[in-house]
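Here, residue 1 is the first one in the sequence, and each next residue gets the next number.
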Amino acid sequence: MTMVDQGPPGRFAEVGELRIHYRETGNGTPLVMLHGTGPGASGWSNFRPTVPAFPDYRVIVPDLPRYGLSSKIAITGPRLTVLSGIIAGFLDALGVDRAHFIGNSMGGQVAMKLAIDRPDRVDRVVVIGSPPLRASSMGPWPAEGIRLIEGYYRGDGPSLDKMRAVIRTLVYDQSYATEEIVAERYAASIEPDVIAANAGPLWEREDLEGQLDRLRAPMLLVWGQDDRAAHLDIALRMVRELPNARLLLFSKCGHWAQVEHATEFNAAVRTFLSTAI
C-alpha cells in the first residue's frame, strides 16, 4: 500500500506558547482527528485514508505537541490531562465550540479525557484501539506494541529496524507495513527537535480508571481482534463501564482499523455520527 499524499496545506494555531500544526478540509460540522503516540506519527500519517470519506464535515487534523510540525515540548504532568487541555485551547483558537472526535490509540484517550472534563466541547467520540484502562487478562501491560514504542528512543536510540518492528506490530496484514511508511516515519522521528524532546523521562502515564461512568457522550469503540498494542478485553470492559457505547470489532485487524479496513470503518463512522441515538 502506497501512502504519499501530503494532504491539504498545513496551518498553525497558537495555544499559549505552543504552535499547533494542523490540516483542515470542508465546511460542515467540526470533526477532529487525533493521532496516536508512535514515533514519527502525525495527524496526517494516521488519517490519510480517513479524511476523504468526510467531505461534508469540517475535518481538522492536528499534530499533537511533540509530533509532526507542532511544538516539540517535554510534557510534564499527567499526559491525558495536559493534552486534553491543549486540545481545548486549540478548539478555542479555531473558534470551534463543539466537535466530534476520532482518535487512534493515545488520541482516543485524549478525546475521552476531554469528554469527561469538558463535556460541553464534545459531541460524539470514535476511538480506535484506545485503552484508557491498564489491567488486562489477555497479556502483560504495557502490551507488545506499546513496549516497542516506549523503547524506541531508549538504549541505542532510533533505528530503521526499531521503526520497522513498531509498524509491524500495529497491523495484522503486513502488506500495510511498507518500507515507504517505515522510511517516512523514521525520518520524522529523528528530526533534532524530536530527539531533544524525547531525551528526558517518559511523560507521566495516566489512565481513566474510575472515570468512564462520567463520559456521557455517545461513543463508538473500534477494535482489531489482533491488536498487539491494545488488548481486546479492555474494550469489553469499556463497553460495560461507559454509559453510551457500542463496539465494532474487526477480525484480521491490528491497531490501525482505519487503515486496514478503511472502507468499512469510514462507513460505520459516518453512520454513527449521523444517526439519532
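Of the candidates I128, V59, L34, I128 is the only one forming a side chain to side chain contact (heavy atoms under 4.5 Å, CB included) with F47.
Not a single side chain to side chain donor-acceptor pair (under 3.5 Å) links E191 to another residue, sequence neighbours left out. Under the side chain to side chain donor-acceptor pair (under 3.5 Å) criterion, N198 pairs with R66, not counting sequence neighbours. Here Y57 pairs with F54 under the ring pair (Phe, Tyr, Trp, His ring centres under 6.0 Å) rule; sequence neighbours left out. The ring pair (Phe, Tyr, Trp, His ring centres under 6.0 Å) check on H35 picks up Y67, with sequence neighbours excluded.
Residues M106 and R79 have side chains in contact (heavy-atom distance under 4.5 Å, counting atoms from C-beta outward). At a threshold of 4.5 Å between non-hydrogen side-chain atoms, the residues V32 and P62 count as touching. R205 is listed as a side-chain neighbour of P142, based on a closest heavy-atom distance under 4.5 Å. Y152 places none of its side-chain heavy atoms less than 4.5 Å from the side chain of S159. Residues L133 and D207 fail the side-chain proximity criterion, which asks for heavy atoms closer than 4.5 Å. Contact of the P131 side chain with the Q109 side chain is registered, since non-hydrogen atoms from C-beta on lie closer than 4.5 Å. Contact of the C253 side chain with the D227 side chain is not registered, since no non-hydrogen atoms from C-beta on lie closer than 4.5 Å. Looking only at side-chain heavy atoms (C-beta outward), W44 and V51 come within less than 4.5 Å of each other.
Summarising the geometry of S189 relative to I195, their closest heavy-atom pair is O-CD1, 3.8 Å, with the distance given to 0.1 Å. Here the closest non-hydrogen pair linking A217 and V125 is CB-CG2, 4.4 Å. Across all non-hydrogen atoms, the minimal contact from A229 to I146 is O-CG1, 3.4 Å. Of all the heavy atoms in P49 and N46, the pair that sits closest is CD-O, 4.2 Å. Nearest heavy atom pair, residue G77 against residue V82, reads C-CG2, 4.2 Å. The two atoms that bring A177 and R168 nearest to each other are CB-CG, 4.0 Å, heavy atoms only.
Of the inter-residue distances, the one linking L232 atom CG with L249 atom CG reads 5.5 Å to the nearest 0.5 angstrom. To the nearest 0.5 Å, atom CG of residue L18 and atom CD1 of residue I73 are 4.5 Å apart. To the nearest 0.5 Å, the span separating CG on L215 from CG on N244 amounts to 9.5 Å. To the nearest 0.5 Å, atoms CG (D233) and CE (M238) are separated by 11.5 Å. Rounding to the nearest 0.5 Å places CG of L91 at 12.5 Å from CD1 of I86. With rounding to the nearest 0.5 Å, the separation of OG1 in T37 from CG in L64 is 8.5 Å.
Listed for the R23 side chain is a donor-acceptor partner under 3.5 Å among the backbone atoms of P8. R185 places a side-chain N or O within donor-acceptor distance of the main-chain N or O of P39, the cut-off being under 3.5 Å. No donor-acceptor pair under 3.5 Å is formed between the side chain of N104 and the backbone N or O of V127. Side chain of W223 to backbone of A230: a donor-acceptor contact under 3.5 angstrom is found. In terms of modelled atom types and a separation under 3.5 Å, the side chain of S71 and the main chain of R19 share a donor-acceptor contact. Of the possible polar contacts, one joining the S45 side chain to the S42 backbone as a donor-acceptor pair under 3.5 Å is found. For the pair D63 (side chain) and L69 (backbone), a donor-acceptor distance under 3.5 Å is present. Between the side chain of E260 and the backbone N or O of Y172, at least one donor-acceptor pair lies under 3.5 Å. Judged by distance alone, the side chain of K162 and the main-chain N or O of L148 form no donor-acceptor pair under 3.5 Å. Remark: side-chain polar atoms of R246 are paired, donor with acceptor, to backbone N or O of M219 under 3.5 angstrom.
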Problem set entry | L94 and I60: CA distance, side-chain angles, deciding distance, side chain to side chain contact (heavy atoms under 4.5 Å, CB included) verdict | CA-CA 10 Å; L94 269 60; I60 303 165; 3.8 Å; yes
Problem set entry | Stepwise side chain to side chain contact (heavy atoms under 4.5 Å, CB included) check, R58 with T29 | CA-CA 5 Å; R58 180 186 176 187; T29 300; over 6 Å; no
For this session: Run the numbers on L221 and V126 for side chain to side chain contact (heavy atoms under 4.5 Å, CB included), then give the verdict.
Result: CA-CA 6 Å; L221 315 181; V126 180; over 6 Å; no
For this session: Using the side chain to side chain contact (heavy atoms under 4.5 Å, CB included) rule, take F101 and V110 through it: C-alpha gap first, then chi angles, then the decisive distance, then the call.
Result: CA-CA 10 Å; F101 285 82; V110 172; over 6 Å; no
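The 12-atom threshold is exceeded at CG of D193, counting heavy atoms of other residues, nucleotides or ligands nearer than 6.0 Å. Other residues, nucleotides and ligands contribute only 12 or fewer heavy atoms inside 6.0 Å of the CD atom of E17.
Side chains of S105 and H255: a donor-acceptor N/O pair is present below 3.5 angstrom, by distance only. Side chains of D173 and S175: a donor on one and an acceptor on the other come within 3.5 Å.
Note: H261 and F250 have parallel aromatic rings, judged against thresholds of 30 and 60 degrees for the angle between ring planes.
Applying the side-chain hydrogen bond (donor to acceptor under 3.5 Å, both in side chains) test to residues at least two apart or on different chains, the pairs with a partner in residues 83-100 are D92-R121, R98-D123. Within the structure, salt bridge (Lys or Arg N to Asp or Glu O under 4.0 Å) contacts touching residues 262-277 (residues at least two apart or in different chains) are D56-R270.
Ionic pairing of E144 and R228 is present here: one or more N-O contacts between side-chain nitrogen and carboxylate oxygen are shorter than 4.0 angstrom. For R237 and E241, the salt-bridge test passes: some basic side-chain N is under 4.0 Å from an acidic carboxylate O. One finds a salt bridge joining E184 and R48 here, because a Lys/Arg side-chain nitrogen approaches an Asp/Glu carboxylate oxygen to under 4.0 Å.
Remark: aromatic rings of Y22 and F12 are distant, center separation not under 6.0 Å.
In this structure, Y186 is a member of the same hydrophobic cluster as V259, with clusters built from ILVMFWY side-chain heavy atoms closer than 4.5 Å.
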